[in-house]
Amino acid sequence: MATKPRWIYWKETFRSKFQAGCLKAKLEDNWSNGYEIGPFVEIRKLKTNKYVVRYTYDES
């Protein structure tokens, strides 16, 4: 049975998708040469037309 991933939200919201995308790239690049499996990073749009970055370490 598949469980839902537990998401970790970044502590701030962004005014543009570009700003959120820069943080997403930074989070993904930190694990590119490491021994651990990198997190799954996602950008979500809020109802207030701002963007939030969330990520998870769950392997699914």
Side-chain angles (χ1 to χ4, degrees):
M1 182 173 149
T3 60
K4 288 186 177 181
R6 292 177 293 171
W7 291 101
I8 302 167
Y9 287 84
W10 193 254
K11 61 185 171 186
E12 63 182 293
T13 58
F14 299 95
R15 295 173 66 190
S16 70
K17 192 171 184 177
F18 174 76
Q19 292 173 326
C22 290
L23 177 65
K24 178 183 177 188
K26 185 176 180 181
L27 286 171
E28 290 174 339
D29 286 345
N30 283 339
W31 279 273
S32 65
N33 295 325
Y35 295 104
E36 299 176 356
I37 297 173
F40 178 70
V41 185
E42 184 175 80
I43 299 172
R44 302 284 300 207
K45 186 173 183 179
L46 302 174
K47 290 180 182 179
T48 58
N49 289 330
K50 291 186 178 182
Y51 296 89
V52 67
V53 177
R54 69 182 190 171
Y55 57 96
T56 184
Y57 290 103
D58 296 339
E59 297 177 19
S60 52

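- Closest non-hydrogen pair, V41 versus E28, comes out as CG2-CG, 3.8 Å.
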L23 and F14: side-chain contact (heavy atoms from CB on, under 4.5 Å), yes or no, with the steps?
CA-CA 10 Å; L23 177 65; F14 299 95; 3.7 Å; yes

From CA spacing to verdict: side-chain contact (heavy atoms from CB on, under 4.5 Å), I8, T56
CA-CA 6 Å; I8 302 167; T56 184; over 6 Å; no

Trace of the side-chain contact (heavy atoms from CB on, under 4.5 Å) decision for Y55 with Y9
CA-CA 7 Å; Y55 57 96; Y9 287 84; over 6 Å; no

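- Note that NZ of K24 is 12.0 Å distant from CZ of R54, once rounded to the nearest 0.5 Å.
- Residues E42 and R44 are paired through a salt bridge, judged by an N-O separation under 4.0 Å between the basic side chain and the carboxylate.
- Here the side chain of T13 pairs no donor or acceptor atom with the backbone of Y51 at under 3.5 angstrom.
- Cluster annotation: F18 is not connected to V52 through the hydrophobic network of ILVMFWY side chains, with a link wherever side-chain heavy atoms come within less than 4.5 Å.
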